[in-house]
S.K.: 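The structure under discussion is supplied below as structure tokens; questions concerning it will follow.
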Amino acid sequence: MKETLGSAEKSHSHQMPLAPVAAELPTPRKVSQKVIVTGLPNSGKSQIFNNLTGEYSIVANYPLSTVCVKQGQFRMGDEQYEVYDTPGLYCLFIHSEDELVVRDLIFQEKPDVLLLCIDANLLKQSLALAADLIELQIPMVIAINAIDETARKGLWIDSATLSQITGVPVVESIAIKGIGTNKLKSAIQKARVGSLSIHYGDIMTRGISTVESLLPEALPYKHKTSMLALLNDPFLDNYLIDNVPEEQLQKIQDTVDEIQDYFKGNLARTINHKRAEWVDSVTEKIIRRQVAFAGRVSETIARMCRSVVFGVPILMGIIVITYFLVVNVADWLSKRLDAILWAPVQEYLNALIPYPFWNEFFIGQYGVLTLGVAGAILTVLPILSVYFILYNILEDVGYIPNLSVLSRRVFDKIGLSGASIMPMVLGFGCKTMATLTAKTLTSPKERYITTFLIAFALPCAPQIGLNMSLLGKVGITAFIITFSVLATIEAVTGLILNKIIKEDDKNCFIQALPAIRMPNLKAVIKKTYYRLFWFLEEALPAFMYAAIAMFTLDKTGLLKASKVFLQPVVERFMGLPTEMVDALILVIARREAAASVIIKMSENGHLNYVQSIVAVVLTTMFVPCMAHIGIIVKQQGWKSTVFMVFTMTITSVIIAGILNKLLLLFF
Amino acid sequence: MKNSVEIDEYLEALWHMKEDAKTSITELKAEIGDNFSKEIFYECLNDNLAAVSDDDKTVTLTTKGEERARRIIRAHRLAERLLFDVMGMSKNIEEGACEFEHMVTPALVDSICTMLGHPKESPQGLPIPPGECCENATTTIESSVIHLTELEIGQTARVAYVNCRKDHELHRLNGLQIRPGVYIKLHQTYPSFVIECEGSNIALDDEIANNICVWREKKYMSKTNDAVKKRSIFGRGIGIFKKCRNVN
């Protein structure tokens with residue numbers, strides 16, 4: 001279990017110490033009740049978590065937007081509740097490590113309440129999960145979410161009947177608008193263990209109770225554990241080995257073999273069949289239909305986004321609109337801010353601090369305020385705000401997963417099955433998050449290629465925004481050339497890695513596509529605010545430390561020395577001004593810091609057309625950011641990461657050099 | 001040739017033993033049960049269908065015997081599929097299939113196989129030996145059960161069964177409610193398959209789509225005309241992409 005539990009451990013810091021369950025002492029009076037929010041991917045778990053706790057966990061209209069467990073609290077009456085937001089779960093029989101995180105969390109934390117979020121649009125799918133979770137025999141509450149959307153489709157869900165059938169409280173909500181939160185809170189107080197009228201037949205029931213009787217008394221969820229054992233859940237073995245005495249283990253294996261043998265490998269099908277019958281019968285009882293035609297528009301838009309004929313132009317259109325908004329609006333914003341906020345402050349400080357050393361320390365070329373604060377707030381922030389608003393709208397609409405439909409065949413060519421598309425597509429948002437979702441890939445080859453490609457020439461959201469803005473200063477053709485070059489590099493890298501790494505089992509591509517919905521302006525603004533807030537929180541100190549480091553390097557003469565040393569590479573080979581060395585050093589601290597320096601260089605006219613392209617290509621590929629490296633280390637190990645980073649850095653310099661020579665032939 | 005039905009049973013038992021990697025005569029006796037008759041066993045040997053090792057301990061099928069056993073097993077397991085999927089029977093499948101396997105001609109077996117969309121496994125999950133029809137994978141007769149990949153865009157069909165090699169694929173599809181009995185509508189085939197199932201849209205790759213077998217149903221096929229018109233706008237797109245829809 002160690003390894004599997006490890007994955008849950010990494011995801012949140014407030015982990016209980018791991019003790020063998022059997023040896024645990026009787027729990028003392030609880031300080032607070034534990035609530036685990038669970039549900040299918042994209043069923044609104046994060047939104048409900050946010051509503052309950054008042055914290056903010058990124059919400060997006062696509063599966064996999066939550067990859068880590070997040071924790072928060074709320075009070076209701078005298079009770080303190082501790083809430084966990086979790087990644088999506090299809091069923092307790094595990095397919096991939098990210099789902100394992102959720103199961104491990106439930107088995108370890110032994111929550112007092114399970115809060116199951118059901119997307120009303122996916123009622124049957126959610127009920128199948130409900131059946132699975134009810135069998136855990138944990139007090140449960142069901143929240144039916146997005147009822148406004150089903151209402152528009154003409155579907156009414158009878159939540160009272162659902163509550164009657166399952167025996168657990170059911171609350172209707174529209175999480176995005178925060179409707180139903182208070183009802184949900186009081187329902188959590190009334191959570192009850194559900195009941196399920198599924199009869200798996202005598203033989204299976206006997207098998208389950210035999211295994212159950214062989215499990216140690218103190219083990220939680222023995223019924224479910226027995227069922228999973230019968231199904232030969234591959235992720236359960238270590239858990240059993242850790243928690244069950246050896247002689248019992250052999251007996252369990254015998255029982256499992258006996259039952260498996262009886263069903264001739266058809267056990268999973270039989271269980272699924274029984275559960276499906278239950279789901280169908282429940283759905284029949286709780287769904288009321290009404291004729292309605294709404295939803296057609298959203299369906300049509302979704303189909304257009306996915307088709308080759310419309311989808312590609314739509315994608316191009318989105319890129320072009322983003323480009324012009326980022327270049328023009330953000331640029332204007334940045335200039336205004338500079339004039340209103342920075343110029344007077346700089347003048348004032350200049351007059352205030354007479355000592356040249358301190359003057360330079362604060363507002364010199366590498367000053368803490370110039371490079372640190374002004375760089376982050378005046379240069380980077382406007383670009384990111386505009387870009388994030390657009391990106392968040394796309395997320396909220398549910399556009400992004402549709403890209404996976406369009407791009408699947410391209411990925412196929414570079415040895416990636418469909419399963420790696422979503423992580424790659426998410427890489428355009430945040431590379432660190434995308435690398436985390438790459439965990440879902442079961443094939444090590446694909447996981448490696450995907451991790452590598454995400455880390456290499458794929459620009460993340462801030463990079464795209466900043467690159468657009470920078471290239472916009474020399475014209476849209478530069479933007480087109482740069483992004484084509486980056487795409488080519490990714491494709492070629494993929495092809496090479498595909499050839500080098502030997503073939504193994506391929507992942508299949510089964511991707512649920514969310515319904516296209518109107519963007520919720522409030523949600524978009526809130527999300528943009530949080531993304532910018534987090535950026536400043538993280539980047540501002542990094543910018544300032546980087547500024548201090550640069551200042552020190554400059555004062556000690558090391559900067560000059562390194563410029564002289566790197567001059568042949570930077571100036572002769574890549575054709576860039578030696579000032580680029582500043583940017584390259586800053587890249588290591590924070591990519592945006594480097595971008596702000598390059599943008600300043602460009603504004604001062606130190607970069608021409610070709611140099612702008614080369615600079616962007618170079619910094620996009622040069623060393624991944626620190627947070628990203630951290631995640632790669634966790635997933636691929638030190639050796640692999642050092643190799644990756646080293647290869648990427650060297651290759652990026654070589655490619656930038658070659659690109660420079662090539663471009664000089666034409667321009 | 002007398003006792004042909006009994007001989008078939010012995011060959012079938014030997015095939016099961018081969019699947020379980022058993023060879024001893026004692027195990028054959030156990031497999032046949034109380035009715036074990038030396039006479040029929042010798043008849044198998046005389047007809048050169050099975051061979052006994054020099055020390056008289058192990059017995060295996062000869063090439064000739066294996067060919068015949070394979071035909072029987074194939075008929076038997078296809079019959080089980082037919083009874084389970086088409087007739088919707090869940091009890092007494094075994095008995096029905098036992099009767100069935102002796103009556104059908106190879107041509108009829110191939111037709112059933114084609115109709116069912118060349119299934120790879122019996123309802124119990126045992127492999128069905130492929131016949132000529134599977135190897136050619138030609139749809140010589142108009143089959144009622146077709147692969148999802150053969151459906152036209154806009155058509156709705158009921159899932160007959162899902163041929164998944166891996167358990168987790170089956171669980172995943174099941175989680176999305178793609179399972180026998182549900183109706184799915186095909187929206188798009190290129191660049192990926194997009195189907196609608198129980199109110200949600202799901203994108204699939206070609207292999208998974210090919211593994212999902214659906215019923216061709218008249219009442220839903222009639223919507224085709226409307227759908228075909230739409231197809232030129234949505235889904236498959238312009239002509240040059242058509243050839244990329246390679247169905248294996």
Side-chain angles (χ1 to χ4, degrees), chain A residues 40 90-91 93-96 119 121-125 128-129 150 153 155 231-232 234 263-269 272-273 275-276 279-280 283 299-300 302-304 306-311 401-402 404-410 412 417-419 442 505-506 508-515, chain B residues 20 84 90 121-127 153 161-162 164-182 187-209 211-212 230-238 240-241 244-245:
Chain A
L40 292 176
Y90 282 102
C91 60
F93 183 93
I94 301 300
H95 323 101
S96 68
D119 181 347
N121 293 303
L122 305 173
L123 190 62
K124 282 199 177 180
Q125 294 86 328
L129 177 62
T150 42
K153 281 189 199 165
L155 290 181
L231 282 168
N232 263 338
F263 284 92
K264 299 225 156 66
N266 211 13
L267 195 64
R269 262 172 222 264
N272 285 342
H273 183 67
R275 223 172 260 164
V279 167
D280 285 345
T283 320
E299 189 55 44
T300 312
R303 254 185 261 172
M304 285 171 76
R306 290 194 287 264
S307 80
V308 181
V309 184
F310 292 105
N402 288 306
S404 69
V405 177
L406 276 181
S407 51
R408 190 181 65 80
R409 272 167 209 275
V410 181
D412 218 33
S417 75
T442 41
D505 227 16
K506 262 198 162 187
C508 56
F509 173 57
I510 305 171
Q511 175 73 49
L513 304 169
Chain B
D20 293 342
F84 188 77
S90 54
E121 284 179 355
S122 75
Q124 285 100 12
L126 296 167
I153 287 163
Y161 47 88
V162 180
C164 272
R165 272 178 296 110
K166 290 175 226 149
D167 242 14
H168 66 93
E169 290 178 6
L170 187 73
H171 278 283
R172 187 74 202 279
L173 289 171
N174 207 71
L176 293 163
Q177 296 294 303
I178 303 173
R179 55 183 167 81
V182 299
H187 280 312
Q188 188 176 341
T189 57
Y190 187 88
S192 309
F193 281 84
V194 177
I195 57 166
E196 189 184 328
C197 172
E198 298 291 354
S200 73
N201 287 312
I202 298 148
L204 307 165
D205 61 23
D206 299 6
E207 202 188 321
I208 295 278
N211 284 340
I212 297 173
K230 259 191 196 165
R231 195 179 65 195
S232 53
I233 309 173
F234 294 123
R236 201 181 291 169
I238 15 180
I240 48 162
F241 293 117
C244 302
R245 192 188 156 210

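Labels below follow one simple rule: chain letters A, B, ... track the order of the sequence lines, proteins then strands, and each chain is numbered from 1.
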S.K.: Could you measure the distance from the CD1 atom of Ile202(B) to the CG atom of Leu513(A)? Nearest 0.5 Å is fine.
M.R.: 8.0 Å
S.K.: Checking heavy atoms, do the side chain of Leu129(A), its backbone, both or neither come under 4.5 Å from chain B?
M.R.: neither
S.K.: For Asp206(B) versus Arg408(A), what's the shortest heavy-atom pair and its separation?
M.R.: OD1-NH2, 2.9 Å
S.K.: Looking at chain B, which one of Leu123(A), Asn272(A), Leu231(A) has the largest number of heavy-atom pairs inside 4.5 Å, strictly under?
M.R.: Asn272(A)
S.K.: Which atom names give the shortest non-hydrogen contact between Cys197(B) and Gln125(A), and what distance separates them?
M.R.: O-NE2, 3.6 Å
S.K.: Between atom CZ of Arg306(A) and atom CG of Asn201(B), what is the distance when rounded to the nearest 0.5 Å?
M.R.: 4.5 Å
S.K.: How far does CD of Glu196(B) sit from CD of Glu299(A), to the nearest 0.5 angstrom?
M.R.: 5.5 Å
S.K.: Heavy atoms only: give me the nearest Ser192(B)-Ser404(A) pair and the separation to one decimal.
M.R.: OG-O, 4.2 Å
S.K.: For Phe509(A), does its backbone N or O pair with a side-chain atom of Asp205(B) as donor and acceptor, under 3.5 Å?
M.R.: yes
S.K.: Restricting to non-hydrogen atoms, name the atom on Tyr190(B) and the atom on Val308(A) that form the minimum distance, rounded to 0.1 Å.
M.R.: CD2-CG2, 3.5 Å
S.K.: Between Gln188(B) and Ser307(A), do the side chains contain an N or O donor and an N or O acceptor separated by less than 3.5 Å?
M.R.: no
S.K.: Give, for atom CG of Asn174(B) and atom CZ of Arg275(A), the distance between the pair rounded to the nearest 0.5 Å.
M.R.: 8.5 Å
S.K.: Would you mind checking which part of Val182(B) comes under 4.5 Å of any heavy atom in chain A, side chain (CB onward), backbone (N, CA, C, O), both or neither?
M.R.: neither
S.K.: Where do Leu176(B) and Tyr90(A) come nearest, in terms of heavy atoms and distance?
M.R.: CD2-CE2, 3.9 Å
S.K.: Taking all heavy atoms of Val405(A) and all of Ala203(B), pick out the closest pair and write down the distance.
M.R.: CG2-CB, 3.7 Å
S.K.: Heavy-atom distances under 4.5 Å only: say whether Val279(A) touches chain B with side chain, backbone, both or neither.
M.R.: side chain
